[in-house]
**Q** 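Here's a structure for you.
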Amino acid sequence: MRQAFRYEMLKVEQKADKHALEQLEAYRSATEQEQYEMRRKWAEEQSRMEIDRKRYVPVIQDQQKLRKHQALIYKENLDLLLNATSFWMIDEEKLLKAKDELEEAIRDGEEAMRTEKVYYASDTKTKWLWLVLYIGLGAFLLACTMYGQSLLDRYQSIIS
């Protein structure tokens, strides 16, 4: 059950990182006036964003937790974009560094999503084998408990 939630969190991160990378690419190819407007828009969005500090109940409030995580990732990406694009001068090195960070985050997210997707995947034979092993373990522990109880009953006079 939590696997699906973790996968959704990774998808949210992927989507936000791809959006930030697209914004950075658009910024790099924009004119100076368009770049100014983009920076102003990012700064406005960042100043309006408020991340709630509430804690959410797992499973019951997963959607609210996803929205909070999405806002947090979006705010982090806005910080990255604003730091990479200063108002006073365009530093190509900062832009490339931000682009590399976003691309690395996207690659890491894709790898994490792939791992999350196949981590619990197994064939039917393996599932049945583990079921039989768990039932066998339960039977063994039951037999040990019953044997221990019979020993306690048999030697009650010595113990007390």
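Below, all heavy atoms of this structure are taken into account, side chains as well, without hydrogens, waters or symmetry copies.
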**Q** Do Glu32 and Tyr36 have side chains that get closer than 4.5 Å, going by heavy atoms?
**A**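 No, their side chains stay 4.5 Å or more apart.
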**Q** Closer than 3.5 angstrom, by distance alone: can the side chain of Lys15 be matched with the main-chain N or O of Gln70 as a donor-acceptor pair?
**A**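 Not confirmed, Lys15 side chain does not pair with Gln70 backbone.
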**Q** Is there side-chain contact between Lys65 and Arg55, with at least one heavy-atom pair below 4.5 Å?
**A**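 The answer is no, as the side chains (C-beta and beyond) never meet within the 4.5 Å cut-off.
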**Q** Report yes if some heavy atom in the side chain of Arg28 is under 4.5 Å from a heavy atom in the side chain of Lys99; otherwise report no.
**A**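 In short, these two side chains touch, coming nearer than 4.5 Å.
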**Q** With side chains defined as the heavy atoms from C-beta onward, is the minimum distance between Thr85 and Tyr27 less than 4.5 Å?
**A**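 Counting from C-beta outward, Thr85 and Tyr27 do come under 4.5 Å.
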**Q** Should Gln149 and Asp153 count as side-chain neighbours, where that means a heavy-atom distance under 4.5 Å?
**A**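 Result yes, sub-4.5 Å side-chain heavy-atom pair found.
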**Q** Under the side chain to side chain contact (heavy atoms under 4.5 Å, CB included) criterion, do Glu13 and His69 qualify, and how do the steps go?
**A** CA-CA 8 Å; Glu13 290 175 17; His69 185 68; 2.8 Å; yes
**Q** Specify the closest pair of heavy atoms between Leu95 and Ala84, including all atoms of both residues, with the distance to one decimal.
**A**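 Here Leu95 and Ala84 meet closest at CD2-O, 3.7 Å.
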**Q** My understanding is that a hydrophobic cluster links ILVMFWY residues whose side chain heavy atoms are under 4.5 Å apart, including indirect links. Using that, what else belongs to the cluster containing Tyr147?
**A**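 When side chains under 4.5 Å apart are linked, the cluster holding Tyr147 also contains Leu151, Tyr155, Ile158.
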**Q** Going hydrophobic residue to hydrophobic residue with side-chain gaps under 4.5 angstrom, can you get from Leu10 over to Leu72?
**A**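 Result: no, two separate clusters.
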**Q** Can you hop from Trp42 to Leu24 via hydrophobic side chains spaced under 4.5 Å?
**A**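 Yes, Trp42 and Leu24 fall within the same hydrophobic cluster.
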**Q** Verify the neighbour count for atom CD of Gln156: are there more than 12 heavy atoms of other residues, nucleotides or ligands below 6.0 Å?
**A**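 It does: Gln156 CD has more than 12 such atoms within range.
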**Q** Would you say Glu34's side chain and Thr31's backbone share a donor-acceptor pair under 3.5 angstrom?
**A**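 Yes.
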**Q** First locate atom CG of Leu152, then atom CZ of Arg154, and finally report the distance between them rounded to the nearest 0.5 Å.
**A**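 Leu152 atom CG to Arg154 atom CZ measures 11.0 Å (nearest 0.5 Å).
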**Q** Salt bridge or not for Glu45 and Arg48, using N-O below 4.0 Å?
**A**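 Here Glu45 does not pair with Arg48 in a salt bridge, since their nearest N and O are not under 4.0 Å apart.
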**Q** Nearest 0.5 Å, please: how far is CG in Asp17 from CD in Glu104?
**A**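 These two atoms lie 11.0 Å from each other.
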**Q** Just how far is it from atom CG of Leu133 to atom CZ of Phe140, taken to the nearest 0.5 Å?
**A**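 If I round to the nearest 0.5 Å, the distance is 13.5 Å.
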**Q** Taking side chain as C-beta onward, heavy atoms only, is Asn77 less than 4.5 Å from Leu102?
**A**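 Heavy-atom side-chain distance check passes, below 4.5 Å.
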**Q** Only one of Arg40, Gln35, Lys41, Arg39 forms a side chain to side chain donor-acceptor pair (under 3.5 Å) with Glu37, so which one is it?
**A**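 Between Glu37 and the candidates, side chain to side chain donor-acceptor pair (under 3.5 Å) is satisfied uniquely by Arg40.
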**Q** Is there a path of hydrophobic side-chain contacts, each under 4.5 Å between heavy atoms of I, L, V, M, F, W or Y residues, that connects Phe5 with Ile60?
**A**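 In one cluster with Phe5: Ile60, no.
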**Q** Measure the CD-CG distance between Gln23 and Leu80 for me, rounded to the nearest 0.5 Å.
**A**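 Answer rounded to 0.5 Å: 12.0 Å.
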**Q** Start with the C-alpha distance between Glu103 and Leu21, add both sets of side-chain angles, then the distance that settles side chain to side chain contact (heavy atoms under 4.5 Å, CB included), and finish with yes or no.
**A** CA-CA 7 Å; Glu103 287 174 345; Leu21 186 61; 3.9 Å; yes
**Q** Hey, quick one: are Met113 and Val12 part of the same hydrophobic cluster, counting side-chain heavy atoms closer than 4.5 Å, chains of contacts allowed?
**A**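 Met113 and Val12: separate clusters.
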**Q** Could you tell me which residues satisfy salt bridge (charged side-chain N to carboxylate O under 4.0 Å, His left out) with Lys11, sequence neighbours excluded, listed by chain and number?
**A**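 Result, salt bridge (charged side-chain N to carboxylate O under 4.0 Å, His left out) vs Lys11: Glu8.
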**Q** Within the structure provided, determine whether Gln14 and Ile106 are in side-chain contact (heavy-atom separation under 4.5 Å).
**A**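 When only atoms from C-beta onward are counted, Ile106 and Gln14 do touch, with a gap below 4.5 Å.
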**Q** Counting only heavy atoms not in Glu93, do more than 12 fall under 6.0 Å of its CD?
**A**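 Not buried by this count: 12 neighbours or fewer within 6.0 Å.
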**Q** Quick check for you: to the nearest 0.5 Å, what is the distance between Asp100 atom CG and Arg107 atom CZ?
**A**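 That separation rounds to 8.0 Å.
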**Q** CG/Leu137 to CG/Leu142 distance, rounded to the nearest 0.5 angstrom?
**A**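 With rounding to 0.5 Å, CG (Leu137) is 11.0 Å from CG (Leu142).
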**Q** So, are Glu22 and Lys18 salt-bridged, with charged N and O less than 4.0 Å apart?
**A**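 Salt bridge flag = no for Lys18 with Glu22.
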**Q** Under a 4.5 Å side-chain heavy-atom rule over Ile, Leu, Val, Met, Phe, Trp and Tyr, are Leu78 and Met38 clustered together?
**A**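 Same cluster: Leu78 reaches Met38 through Ile, Leu, Val, Met, Phe, Trp or Tyr contacts under 4.5 Å.
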**Q** Do the non-hydrogen side-chain atoms of Tyr56 and Asp62 ever get within less than 4.5 Å of each other?
**A**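 No - every pair of side-chain heavy atoms lies 4.5 Å or more apart.
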**Q** Hey, mind stepping through Ile135 and Val132 against side chain to side chain contact (heavy atoms under 4.5 Å, CB included) and telling me if it holds?
**A** CA-CA 5 Å; Ile135 291 172; Val132 169; 5.8 Å; no
